[in-house]
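Each remark here refers to the structure printed beneath this line.
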Amino acid sequence: MGSGGDLGGRTNSLRRLKRLNILFKLPYNTQWGQNLMIIGSDALLGAWVVEKGQRLMPRQEGDVLVWEVSISVSERFETEYNYVVVDDRFRGLRRESGARRVLSLPEGLSNGATVEVHDLWQDSPETLFTKEAYRKVLFGDEACKSTHIEGELSKDPTQCFTNVPLNPSEAVVVQFKIANSVLHPDQAVFVIGSSSELGQWNNEAAIALSNTVGYSWECLVSISRTEFPVSYKYILKNSSGVVTYENDENRVLSLSLSAKKSSSVLIAADGSFRSKPWRGAGVAIPVFAIRSTESVGAGEFLDLKLMVDMAVKTGMRLVQLLPVNDTSVNMMWWDSYPYSSLSVFALHPLYLRLQALSNKLPNDIKEDIENYRKQLDMKEVDYEATLAAKLSIAKRVYNLEKDLVFNSALFKKYFDENKGWLQPYAAFCFLRNLFGTSDHSQWGLYGDFTQEKLDKLVSPMGDYYDAVAFSYYLQFHLHSQLAEVRDYAMKKHVVLKGDLPIGVDRNSVDTWQFPSLFRMTASTGAPPDYFDMNGQNWGFPTYVWEEMAKDNYGWWRARLSQMAKYFSAYRIDHVLGFFRIWEMPDHAVTGLMGRFRPSIPLSTEELEREGIWDFQRLSTPYVRCHILQGKFGDRWTEVAENYFDEFEHLCYQFKEEYNTEKKIISATTLKDNASSFAIQEAEADRTRLFDLLHEVILMRDRDDPSKFYPRFGMDKTVSFDELDDHSKNVLKSKYNDYFFHRQEQLWRDNALMTLPALLNSSDMLCCGEDLGMVPACVQPVLSELGLLGLRIQRMPSAPGQEFGNPADYEYMTVCAPSCHDSSTMRAWWEEDEGRRERFFRNMLGLTDPPPETCDPHVSHLILQQHLESPSMWAIFPLQDLMALKDEYAKRPANEETINDPTNPRHYWRFRVHIPMETLLCDDDFVGIIRDLVVSSGRATSKDFDLSSSSIVPAVRDHELKHVNKTVSGKRLDDNKIIIDRTYSEYT
C-alpha cells in the first residue's frame, strides 16, 4: 500500500505527485469518555497501531453524532483501514466486525481535490451471512450472487472513475457501495432517489449496480451539486420487474460543510442492504442419543441423515450435535463424557455404522451385526458393550478387507491429508492397549514423545503395524460416513453444527505429543453458578497460551480446520475460557477453591495499606473448636485427633496427609464390602471435612507468596463472619474489585489475542456458550468478533431476573428453553411447584393454576415464545420438541436429561425412546412443529421446496411399513404398519 507520507523532495526531472484531501465521516453514538480512531495499513493511519492512528472529531448533525477527520495524501494513496472505539487513554474498546475496508483513490483528480468517504460502522450481522453456513448451505452460492438482468445493464455506468466526467464546480461523482449476500438468482441491485440522476424515485429509471468482489455491489453516478442533499434507497429487481425495497427510512447523502475544498468525489459506503433480519430454527441432539432401525447400541453418523430429513420436513435449518471426537481414555463407561477428548482430531468409533463398512459383508458377520443390534436396543446406551461390539465386528472386517482399503485412492488421499495427527493417534491407541492405561507417564521409554519413536511405532515394517493400522482403518471409515452426512445436509440446505470442547483429557494424544502447550499441574473448571454451587472441576489441564502464541496458535487452527471438513457451524464450549479460565490445583476435586487465569491478584502491599495483615489466618483453613463441634457434635474430639493438629489452644490445622480434597477422598473411601451405613457416614464426614478445608478467605499464589486471590463466596464462611467489621469491609471491597472490575481490560485483551486465531482458521459460523459468571467485557467482544451468544430462559443474563424473556433477546444470539447441561423442559417444569406457578403467571401470562406436568399446550407456548424471539437462531433439544405430543411424552421426564453437571462421573447414556423413522412419518407431530416454525417467520414455503435437490431422503416412506416402535427399550406391536404412503405424498 502506498503511503501518504513518502512524498518528500523530488528532482526536477520527476513529476511532482498531486496532493489530495480525504475526509472520512462516520455516524456513531459513543458513550461518555469514548472516542473514535481510524487505523489502517498505511503509516498515516498508524500501520494498525491504535495509538498511532488518526483521531476523529465529533460534530452533531441533527440527532446523530458524526465523527470525521481529514488527511492529506498523495494521488496514489491506497490503504486498508477500520474504525476503533477507544477510551480517553486511546486503549481499544471495540473494533468493527468483518473484513478490512479498502480505499483506492480515483485517477484524474485535480491537485488539492477532496474525496469524501461516508462510512457506516460494520456490525456483526452484516458479516455473518458471508459464512459458509449461509453462503453455501442455507442459501447456496447461486443465491448469494445475482446474474445480471438482461436489458438493465445498459444503464449501469462503468466502474472506472476516469470514464465519468469530473466537473467539480457543477457536479460530484458519487460511488454507491452496498453489500448483499442473499439474492435470488434473477435479482440485481439498483439505487433510486430524489435527484434526476437517480430517477426521481421512478423504478424504471433506477441505476443498476454491478457485482464487484464477493457480495459488494457498486456504481458511479455524477450528481449535480444543486440536487444535494439527496435522499435514496437501494432496491432489488428481478427479471419480471418485481421490486423489493429496503427497510427503514430513506438514506440521505449530504456534502460536508467542513471540507477545506468542495468535494469532487463522494464514496457512499452504505454497509448492507437493509432487509428484515433473517432468523432460523434448529434441533439439537447428541449423536449417541439417536435411535434408528439400523443403529447398533447408540446413534451413528449415518443416522444424522434422518435428523436432516426431520429438519427439512419441519422447516428447521440446522442440526446441532455434541462433540464427536474419540474419548476412549479409560476404555470404560467414564469415556461416555463427550468433552474429555482422547484426541481433538480423531472421531469416535462409537458412531460407526457397521453395515456400511463393506458392500461385501459375509453372511455370518451380517448375522452377528443384527444380533448385536437386537441385544443392544435398550432403553439407554450401554457404552462399554456397544463400543466392544463395534470394535469386534470392525476388526473382523478389517482382517478381510484391509489390503483393499489401504490400496484404494480414497484412503491414500485421506492418509496423506491427515497423517500429521493420524499417526500419533494410532500409535497412542496401540500404546494405551499395550500398557493398559492412557496415562503416558506410565509408558516408560515411550512416555516422552519424539518423532523418532513415532516413526518406529508406525513403520509398515514394524512388528506392531497391523495393530496400529487398525486405527487408520477405523478413522477412514468414520471420516467417510460423516463426510457423507455433510454432503447430504449441504444438498438439503441444512447446517450441521459441531461442538468445540474447551479442554482435552490430561491423558490424551495431545498432551503426549505437545506437552509444552499444557499446564499439567492445574485443572480447568467453572466457578460456582446455576449448575453447581461448589463450582465445577473438569479435570482438564489448562493451556499455556504464551507457548501456543509462538506459532500463532497452530494447534487451535489445526483443530478448526479439521472441524470444518464436516461442519459449517460450531459452538465453542465455555467461550469464557478464552477470556479467562477458572483454574484449580491438580489436588482439587471440587471447583470452589479456584482462581481466574489470567488475573491481576491482590498484593500484600495493597492489603497492608488497608490494614489487612494477618495473612496466615486468612489464607489457611480456619478451624476452631466450636466449628468442629458444630460440624461433628459429640464426635468432634475423635475427628480432631484423626485429621487435625492443634497448633494453638483450640485452634487446629489439617494434618499433612489430609490437607487436600483428593487426600480427604482417599481417607474417607471405604472398601466395597463396607456396610451402606458406614459408607453414608464416611461420605457425610467427607462433606464436612471439605467444608472445613474451604474455610479460607484468601488463597496464596503458589509461585509468588506475596500475591493473593479472594476465595469465591468468602463472605459465606465462618472465617469471614468472625472478622472485625473493618476487615470485612476492606476484603469485600477487594473481592468485588477482583471479580468484577480490575480484570476487564486484561480479559478483553486476552480474548482478542486468542479468539481471532480460531475464527480466522475456517469459514464456519461460530457460536459461543457464554453461560455462568459472565464478565462485562464478554458481550462487546463477542459482538465485535461476530460470535453468537447463548440464551437459556432459566439462566437469565440480566441481574435480578428469575427467567429470561425471549422477546428481549438480542439478535446475535441462539435461544433455547434448555440445553444438554440442564434438565429438559418437562423435567424442569416438574422440579419446583412454586417456580412453575411463577413462570406460568409471569412468563406465559396465564392466571389459572398451572398443570403439574409440562403438557403439549404448555410446551407449545414455551416453544412459540422462543421461535418468536429476535434471536437469529432458536435451537431446541429434540426432547423438548417431543413434548409437543402426549404420545412421545410418556417417558419419565427425568430420564430425558443428558448431563448432570454436579456429577463429575455422570454416565452420558440418554437415548431417544422413539425411532427417528417413526417421528419422521408422524404427520401430526411434524405438522405441529412446522406450523410453529412457519408462523414465527423462521421458515417460508420456499424452505419446503426440495425440487432443487437431486437427492432423496435417507429413508423413504414405503421403506417404513414395518418399523418396530420402541418405548424405553421394549418393543411394542412388532411389525406394526405405521404408515403406507408414496414418496410423492411424503414431500
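A donor-acceptor pair is defined here as one N or O able to donate and one able to accept, closer than 3.5 Å; no such pair exists between the side chain of Arg100 and the backbone of Asn82. Of the possible polar contacts, none joining the His118 side chain to the Ala268 backbone as a donor-acceptor pair under 3.5 Å is found. Under a 3.5 Å cut-off, the side chain of Glu744 and the backbone N or O of Cys777 do form a donor-acceptor pair. Looking at Ser216, its side chain never comes within 3.5 Å of a backbone N or O of Thr212 through a donor-acceptor pair. Using modelled atom types, one side-chain atom of Thr754 and one backbone atom of Asn750 make a donor-acceptor pair closer than 3.5 Å. Side chain of Arg571 to backbone of Leu500: no donor-acceptor contact under 3.5 angstrom is found. In this structure, the side chain of Arg938 engages the main chain of Leu867 through a donor-acceptor pair within 3.5 Å. Panel note: side chain Gln122, backbone Ser97; a donor-acceptor pair is recorded below 3.5 Å. Using a distance-only test at 3.5 Å, with no hydrogens or angles considered, no donor-acceptor pair links the side chain of Arg486 to the main chain of Phe567. The main-chain N or O of Arg274 is found under 3.5 Å from a side-chain atom of Glu246 such that the two form a donor-acceptor pair.
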Intermediate values then yes/no, side chain to side chain donor-acceptor pair (under 3.5 Å), Asn203 and Tyr245: CA-CA 10 Å; Asn203 292 340; Tyr245 292 89; 2.7 Å; yes
Side chain to side chain donor-acceptor pair (under 3.5 Å), that's the test. Do Glu810 and Ser871 meet it? Break it down for me. CA-CA 6 Å; Glu810 307 92 334; Ser871 296; over 6 Å; no
Evaluate the criterion side chain to side chain donor-acceptor pair (under 3.5 Å) for residue pair Ser263 and Glu116; output intermediate values, then yes/no. CA-CA 7 Å; Ser263 303; Glu116 289 190 36; 2.5 Å; yes
Take Ser239 and Asp186 through the test side chain to side chain donor-acceptor pair (under 3.5 Å) and record every step on the way to the result. CA-CA 6 Å; Ser239 55; Asp186 68 340; 3.1 Å; yes
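Residue Asp63 places its CG atom among 12 or fewer non-hydrogen atoms of other residues, nucleotides or ligands, all under 6.0 Å distant.
Looking at Val73, Leu103, Leu109 one by one, the single match for side-chain contact (heavy atoms from CB on, under 4.5 Å) with Val115 turns out to be Leu109.
Nearest heavy atoms, Val933 versus Gly315: CG1-O, 3.6 Å. Residues Val495 and Ala569 come closest through the heavy atom pair CG1-CB, 3.7 Å. Nearest heavy atoms, Ala205 versus Gly199: CB-CA, 3.7 Å. Between Gly786 and Leu128, the shortest heavy-atom distance links the atoms O-CD2, 3.2 Å. Taking each heavy atom of Asp123 and Arg94 in turn, the nearest pair found is OD1-NH2, 2.9 Å. Here the shortest heavy-atom pairing between Asn21 and Ser70 reads CB-OG, 4.3 Å.
Taking the side chain as every heavy atom from C-beta outward, Leu255 and Arg225 approach each other to under 4.5 Å. Counting heavy atoms from C-beta outward, Leu236 and Asn180 have side chains that approach closer than 4.5 Å. Residues Ile38 and Tyr83 have side chains in contact (heavy-atom distance under 4.5 Å, counting atoms from C-beta outward). A 4.5 Å side-chain heavy-atom check between Ile207 and Phe190 finds every atom pair outside the cut-off. Within the 4.5 Å cutoff, the side chain of Leu36 has heavy atoms near those of the Leu26 side chain. Asp42 is listed as a side-chain neighbour of Phe77, based on a closest heavy-atom distance under 4.5 Å. Contact of the Glu218 side chain with the Gln175 side chain is registered, since non-hydrogen atoms from C-beta on lie closer than 4.5 Å. Put simply, the side chain of Val191 does not reach to within 4.5 Å of the side chain of Lys233, judged on heavy atoms.
Two rings, from Phe176 and Tyr232, have their centers less than 6.0 Å apart. Between Tyr28 and Trp67, the gap from one ring centroid to the other reaches at least 6.0 Å. In this structure, the ring of Trp747 has its center no less than 6.0 angstrom from the ring center of Phe578. Checked against a 6.0 Å centroid threshold, the rings of Tyr134 and Phe129 count as neighbours. Here the two rings, on Trp873 and Trp278, have centers that are under 6.0 Å apart. Aromatic rings from Phe24 and Tyr81 are positioned such that their centres are separated by under 6.0 Å.
No salt bridge links Asp487 with Lys492; every basic N to acidic carboxylate O contact stays at or beyond 4.0 Å. No salt bridge links Glu80 with Arg101; every basic N to acidic carboxylate O contact stays at or beyond 4.0 Å. A salt bridge links Glu61 with Lys25: the closest approach of a Lys/Arg side-chain nitrogen to an acidic carboxylate oxygen falls below 4.0 angstrom. Ion pair Lys18/Glu107 not flagged as a salt bridge, since none of the NZ, NE, NH1 or NH2 atoms sits closer than 4.0 Å to an Asp/Glu carboxylate oxygen.
Separation of atoms SG (Cys767) and CD1 (Ile572) is listed at 9.0 Å; rounding is to 0.5 Å. Atom-to-atom distance recorded for Leu56:CG and Thr30:OG1 is 11.0 Å, nearest 0.5 angstrom. How far CG of Asp88 is from CD of Gln34: 10.0 Å, rounded to the nearest 0.5 Å. Remark: Leu253 CG to Glu227 CD distance equals 12.5 Å, nearest 0.5 Å. Atom CD of Gln31 sits about 10.0 Å away from atom CG of Asn29, to the nearest 0.5 Å. Rounded to the nearest 0.5 angstrom, Ile192 CD1 and Ser231 OG are separated by 11.5 Å.
Within the structure, side-chain hydrogen bond (donor to acceptor under 3.5 Å, both in side chains) pairs that include any residue of residues 43-56 comprise Asn35-Arg55 (at least two apart or interchain).
Under 3.5 Å, the side chains of Gln200 and Ser194 contain no donor-acceptor pair of N or O atoms. Side-chain contact annotation: Ser41 with Thr79, donor-acceptor N/O pair under 3.5 Å present.
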